[in-house]
> 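Just passing along the structure, written as structure tokens.
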Amino acid sequence: MADVEEVEVVVAHSERATVRVGDVFLKIDSDQTRTDVEVEAMAMAPIPTPEVLWRKPPVLALAALPGTALGRLGEPSTASPAAWAAAGAAARMLHDAPLPPWPGRTLDEIASRLDDECEWLVTNGVLPTELVSRNREVAEAALRPWTPVFTHGDLQISHVFVDGDEITGVIDWSEAARFDALYDLASLTLGHDEHLSDVVAGYGTDVDLDVIRGWWSLRSLLAVRWLAEHGFDPSSPGCEVDVLKARM
């Protein structure tokens, strides 16, 4: 690393920062319990994950994965249908694995937070009332009992790396927990509806598409305030606000 001249800031906000130095990613997190979860989840996961090089709190050093991200929210994905199907197959392998020992969010917690965020969005004039109300209705499909599985918890496409049609690894495991399998599939396909059929084909079993659409709305409604408060723009083309508008 002494010969590396550039440091790339991958993401940075008040809670976490990730920088890349050559083939090493340095993750700095203000909450070490998230890092504890990330390290343990990667050790348990039955799919490829980054190698942990060292840990010296608050820094976690990870080796870069080969390949490129499956895509980015707000941008067209150049990955093949087979690569998207492989991502679905990887999700199924994870969901079939033994549960992690720590719990995830409950249905009541999700519903309560959704109510709070919808009220905030409307009261503060962040989004039109009809847009929030419609997506709150769509989100109801996700608010049902589920059988907990080992979920990644933030399986967005920028966290899934591919080389050709093969999955080379999945990054960012700090939200891993026992949760709803369809939340992972919804996170993976958020803003990329056109690849949902590929992911479901790779997943290899019937899924309730209305529940996935419900999680698209629910995840987007919950994300708008956090993104805005941490320096991101949820109204960028193809991102969360456009996902909400697509449900109208």
Side-chain angles (χ1 to χ4, degrees), residues 1-73 86-87 89-106 109 148-163 166-181 183-184 187-188 190 219 222-223 226-227 229-232:
M1 292 177 63
D3 296 330
V4 175
E5 297 180 355
E6 292 188 1
V7 175
E8 175 192 356
V9 178
V10 178
V11 64
H13 51 76
S14 59
E15 297 177 5
R16 313 179 203 183
T18 301
V19 298
R20 180 170 185 166
V21 185
D23 289 330
V24 177
F25 284 90
L26 302 176
K27 303 188 68 174
I28 303 98
D29 199 316
S30 62
D31 184 352
Q32 284 303 288
T33 59
R34 285 193 292 251
T35 307
D36 293 340
V37 167
E38 178 155 19
V39 171
E40 187 168 355
M42 288 192 295
M44 294 179 61
I47 59 178
T49 63
E51 177 189 358
V52 176
L53 300 176
W54 50 266
R55 182 182 181 188
K56 186 176 292 187
V59 182
L60 174 66
L62 301 171
L65 289 171
T68 57
L70 188 62
R72 302 281 177 187
L73 184 61
R92 178 62 183 274
M93 188 177 298
L94 176 66
H95 296 162
D96 286 343
L99 291 169
W102 58 92
R105 294 168 292 173
T106 67
E109 289 170 343
V149 300
F150 186 175
T151 61
H152 178 277
D154 192 18
L155 196 63
Q156 54 182 291
I157 56 174
S158 60
H159 293 164
V160 179
F161 278 67
V162 296
D163 184 1
E166 303 293 329
I167 300 294
T168 59
V170 178
I171 65 171
D172 285 0
W173 290 79
S174 61
E175 304 298 325
R178 305 179 182 191
F179 200 52
D180 180 15
Y183 180 76
D184 270 353
S187 299
L188 182 62
L190 184 75
R219 178 176 172 124
L222 296 186
W226 187 94
L227 290 168
E229 291 178 345
H230 288 78
F232 304 101

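Just so it is clear, the values below take in all heavy atoms, side chains as well, and ignore hydrogens, waters and symmetry mates.
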> Roughly how far apart are H159 NE2 and L188 CG, rounded to 0.5 Å?
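CG of L188 is found 11.5 Å from NE2 of H159.
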> What verdict does the side chain to side chain contact (heavy atoms under 4.5 Å, CB included) test give for K27 and S174, after you've listed the backbone C-alpha separation in whole Å, the side-chain angles of each residue and the deciding distance to 0.1 Å?
CA-CA 11 Å; K27 303 188 68 174; S174 61; 5.5 Å; no
> Do the side chain of W173 and the main chain of A43 share a donor and acceptor less than 3.5 angstrom apart?
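Not at all, since once roles are kept as given, no pair shorter than 3.5 Å links the two residues.
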> To the nearest 0.5 Å, how far apart are CG in D29 and OG1 in T35?
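Here the interatomic distance stands at 4.5 Å.
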> Parallel under 30°, tilted from 30 to 60°, perpendicular over 60°: which one fits the rings of F232 and W226?
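Correct class here is parallel.
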> How long is the gap from CZ on F179 to OG1 on T106, to the nearest 0.5 Å?
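Nearest 0.5 Å value for the CZ-OG1 distance: 8.5 Å.
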> Salt bridge or not for R219 and E175, using N-O below 4.0 Å?
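Salt bridge absent between R219 and E175.
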> Quick one: pull up CG in D163 and OG1 in T68 and give me the separation to the nearest 0.5 Å.
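One finds 7.5 Å between CG of D163 and OG1 of T68.
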> State whether the side chain of S187 and the backbone N or O of Q156 hold a donor-acceptor pair below 3.5 Å, judged by distance alone.
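No; judged by distance alone, with no hydrogens or angles, the pair does not exist.
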> Mind running side chain to side chain contact (heavy atoms under 4.5 Å, CB included) on L62 and V24 for me, showing each step along the way?
CA-CA 6 Å; L62 301 171; V24 177; over 6 Å; no
> Between H152 (side chain only) and A91 (backbone N and O only), is there a donor and an acceptor less than 3.5 Å apart?
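Checking the backbone N and O of A91 against the side chain of H152, no donor-acceptor pair under 3.5 Å is found.
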> In a check of side chain to side chain contact (heavy atoms under 4.5 Å, CB included) between V160 and each of I47, L65, L155, which one passes?
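Testing each of I47, L65, L155 against V160, the sole residue satisfying side chain to side chain contact (heavy atoms under 4.5 Å, CB included) is L155.
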> Is D184 paired with R92 through a side-chain N to carboxylate O contact shorter than 4.0 Å?
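Salt bridge flag = no for D184 with R92.
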> Let me confirm one number: the CZ-CG distance from F161 to L70, rounded to the nearest 0.5 Å.
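Reported value, rounded in 0.5 Å steps: 10.0 Å.
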> What's the spacing between M42 CE and D172 CG if we round to 0.5 Å?
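It is 9.0 Å, given to the nearest 0.5 Å.
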> Under a 3.5 Å distance rule, please check whether S158 uses its side chain to pair with a backbone N or O of R72 as donor and acceptor.
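The answer is no, because no donor-acceptor pair under 3.5 Å joins these two groups.
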> Any donor and acceptor pair, going by atom type alone, linking the side chain of T18 with main-chain N or O of V11 inside 3.5 Å?
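Here the side-chain-to-backbone pair does not exist.
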> Inspect the surroundings of CD in E166 and state if more than 12 heavy atoms from other residues, nucleotides or ligands are less than 6.0 Å away.
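No, because the 6.0 Å sphere around CD of E166 holds 12 heavy atoms or fewer from other groups.
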